[in-house]
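What follows is a short report on a single structure.
In what follows, every chain begins at residue 1, and chains take the letters A, B, ... in the order their sequences are listed.
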Amino acid sequence: MSLPQLEYCQARTVEEALELWAKKTKARYLAGGTDLLPQLRAASGTQLTLVDLKQIESLAKIGQAEDGAVSIGAAASVAAVAANATVRKRYPILSDCCLSLGSYPLRNRATVVGNICNASPCADTAAALLALDAIVVATSTKAKRRIPMVDFFQGPGESCLQAGELVEEILLPQATAGGRGHYGRIARRKSVDISTVAVLLSVLPKGQPRHRLSLLSVAPTPLRVFEAEAVLDERGPEGASQAAEIARASCTPISDVRASAEYRRDMVAVLTERGVMTLAQSMGG
Amino acid sequence: MQKTITVTVNESVETHQVQSNQTLLNFLRETLDLTGAKEGCNEGECGACVVLLDGKAINSCMTLAVEVDGHQVTTIEGIGDVDRPHPIQQAFLKNQAVQCGFCTPGTILTAVSLLAENPNPNEQEVREALAGNLCRCTGYRQIIDSVLAAAAILPKGGGQ
C-alpha cells in the first residue's frame with residue numbers, strides 16, 4: 001500500500017520543531033519512521049505533516065548529562081545505543097533489549113525514543129528503561145518536564161505526552177548503573193518478531209529495590225512488578241517461586257494470534273523464576 | 001507535495017523532484033531505474049529492499065526519499081557488476097547462495113554493512129545480522145557460508 005499524501009519539513013532546532021508542529025493542522029514528529037511509516041500506510045483522513053527531527057544536532061547524541069546520567073537523544077538509533085561503549089559498560093541490560101528489537105537494518109534506522117513514544121506493550125527497550133528508572137525529558141512550547149519512565153505509558157499506543165510535546169532525550173540515572181539482567185523473551189521466531197511474552201529480571205549493585213522485574217506483552221503497557229521485586233530483595237533466590245506467582249497475578253494479558261492469556265501468564269511465572277535462577281548462578285559462579 | 005533532493009547514489013550525484021510521500025525504494029526503482037532493491041513486504045520485515053544509507057544497511061521501504069537529501073545511498077548496482085563482482089557477490093556465486101535472486105541484493109548489502117562494522121563475524125553474528133533478510137529458496141546455509149567466506153578474504157577495515 002502506498003503512503004497517503006503528506007507534507008514533509010525538517011526542523012533545525014527543537015524550538016523550530018515545536019513551532020512547525022503547532023502551525024500545522026495535523027502533524028507528527030518523525031525520527032526513524034519504522035513504526036510511523038507502516039502506520040501511515042494504514043491511515044487515511046486529513047493530510048499530515050511530518051516534522052523530521054534528524055537534522056537537529058543536539059538530538060543525535062548519546063552521552064554524559066548532568067549528575068552523572070547518560071542521555072539518549074531522540075534521534076539516536078537503536079543500533080547506535082546498543083553499540084555505545086558507555087551504554088554497554090554501565091547499562092548492559094539496555095544494550096541487550098535493543099538487540100532484541102526488529103532486525104539489523106531496522107535497528108540502524110529505528111530510535112529508542114521512538115520505540116517508547118510508540119508505546120507498544122511489547123516495546124523491547126521499555127523493559128530496560130523501566131528497570132533503570134529512566135527519565136523522559138519532554139518539551140512543549142510552554143514548558144520542559146521530566147517524566148519518570150514508570151508514569152510514561154498509559155495504554156496500548158498511549159503515553160502521557162500532550163499534543164505537540166516532543167521527547168528530547170531519555171536520561172539513564174547514575175544510581176542504576178552497573179546492573180545485570182536476564183531478558184527472557186518468547187517469540188515465534190528468534191528475530192524480527194515482537195515478543196509473545198518477555199520478562200527482564202535485573203539486579204543492581206545498589207539502590208532500592210535492588211531487584212527489578214519488567215514484563216512486556218502481558219498488559220496494556222510495559223509493566224514493573226514492585227511487589228515481586230521486594231520479595232526478591234528480602235529473600236533472594238529463595239523467593240523465586242513466590243516472586244513468579246506475584247508476577248503471574250500482576251499481569252493482565254489478552255489472548256491473540258500469538259498466544260492465549262493463560263499461556264502468557266504461565267510464561268511470566270516461568271521466565272521470572274528462570275531469570276532469578278540464571279542470575280543467581282552467574283553471580284555465584 | 002513536491003521537493004527537490006540531491007542525493008549521491010552509487011557515487012553519482014542525483015538531483016530530482018520527488019513527492020513527499022515517495023519512499024526511497026520507489027525513488028530508486030521508478031525514478032533512477034535501479035531495480036536491484038525489491039519491494040517484498042513493504043513494512044520492514046523481509047529485507048528485500050535493503051540498501052546502504054551512509055554505509056549502513058536500512059530498509060528503503062521505510063525511508064522517505066525526502067529524508068535522504070544530502071546523504072549517500074549505495075544499491076546493489078553500486079557494489080559490483082558482471083565484470084567486476086564484489087567479493088561477497090563472488091562468494092554467493094561460488095557457494096550457490098542465489099536461487100530465484102529476489103532476496104539477493106538486500107542480503108548482500110546487509111552483509112556489506114555487517115562486514116564494514118565487524119570484519120570477522122562468527123556464524124552466530126552473521127545469522128543475527130541476516131535475520132531480517134528472508135530467503136525462501138536456499139535455506140540460508142549457503143548464504144551464511146558465503147558471508148563467512150567473503151569475510152575471510154576481504155581486506156580488513158571495511159567491506160566496501
Using modelled atom types only, decide if a donor and an acceptor are shared between the side chain of Ser100(A) and the backbone of Asp96(A) within a distance under 3.5 Å.
-> yes
request  = Report yes or no: does Thr49(A) contribute a side-chain atom to a donor-acceptor pair with the main-chain N or O of Ala27(A) at less than 3.5 Å?
outcome  = no
Taken in chain and number order and not counting sequence neighbours, the residues that satisfy side-chain contact (heavy atoms from CB on, under 4.5 Å) with Arg28(A) are Leu36(A), Gln39(A), Leu48(A), Leu50(A)
Of Pro4(A), Ala83(A), Ala79(A), the largest count of non-hydrogen pairs under 4.5 angstrom with chain B goes to Pro4(A)
Legend entry - Lys/Arg-Asp/Glu bridge criterion (N-O < 4.0 Å) met for Asp256(A), Arg264(A): yes
Closer than 3.5 angstrom, by distance alone: can the side chain of Thr63(B) be matched with the main-chain N or O of Ser60(B) as a donor-acceptor pair?
no
The side chain to side chain contact (heavy atoms under 4.5 Å, CB included) partner of Leu109(B) among Thr104(B), Ile58(B), Ile79(B), Ile88(B) is Ile79(B)
Listed by number, the residues in residues 106-119 of chain A that come under 4.5 Å of chain B (heavy atom to heavy atom) are Leu106(A), Asn108(A), Arg109(A)
Taking it one step at a time, do Thr110(B) and Asn133(B) satisfy side chain to side chain donor-acceptor pair (under 3.5 Å)? CA-CA 8 Å; Thr110(B) 299; Asn133(B) 293 87; 3.0 Å; yes
If you tally heavy-atom pairs under 4.5 Å between each of Glu43(B), Arg127(B), Glu117(B) and chain A, the highest tally belongs to Glu117(B)
Open item on the list: Please check if the number of heavy atoms outside Lys26(A) that lie under 6.0 Å from its NZ is greater than 12.
Closed with: yes
Among Leu37(A), Leu30(A), Leu6(A), the residue with the most heavy-atom pairs under 4.5 Å to chain B is Leu6(A)
Bottom line for Glu67(B): the part with an atom under 4.5 Å from chain A's heavy atoms is both
Checklist entry - Got a sec: does the CD of Glu57(A) have more than 12 other heavy atoms crowding it under 6.0 Å? => result no
Honestly, the part of Lys54(A) sitting under 4.5 Å from a heavy atom of chain B is side chain
One option among Leu114(B), Thr23(B), Asn26(B), Leu53(B) has the most heavy-atom pairs under 4.5 Å with chain A, and it is Leu114(B)
Of all heavy-atom pairs linking Asp54(B) and His71(B), the shortest is OD2-ND1, 2.6 Å
### Query
Under the 3.5 angstrom rule, does the side chain of Ser113(B) hit a backbone N or O of Ala57(B) as a donor-acceptor pair?
yes
### Criterion side chain to side chain donor-acceptor pair (under 3.5 Å) on Tyr263(A) and Thr196(A), from CA distance to verdict
CA-CA 10 Å; Tyr263(A) 175 80; Thr196(A) 305; over 6 Å; no
*Using a strict cut-off of less than 4.0 Å between a Lys/Arg side-chain nitrogen and an Asp/Glu carboxylate oxygen, indicate whether Glu19(A) and Lys23(A) qualify as a salt bridge.*
no
Under a 4.5 Å heavy-atom criterion, the part of residues 1-19 of chain B in contact with chain A comprises Met1(B), Lys3(B), Gln19(B)
So, the part of Val50(B) with a heavy atom under 4.5 Å from chain A: the answer is side chain
Within residues 134-141 of chain B, the residues sitting under 4.5 Å from chain A by heavy atom, in sequence order, are Leu134(B)
Q) Are the side chain of Glu125(B) and the backbone N or O of Asn122(B) linked by a donor-acceptor pair below 3.5 Å? A) yes
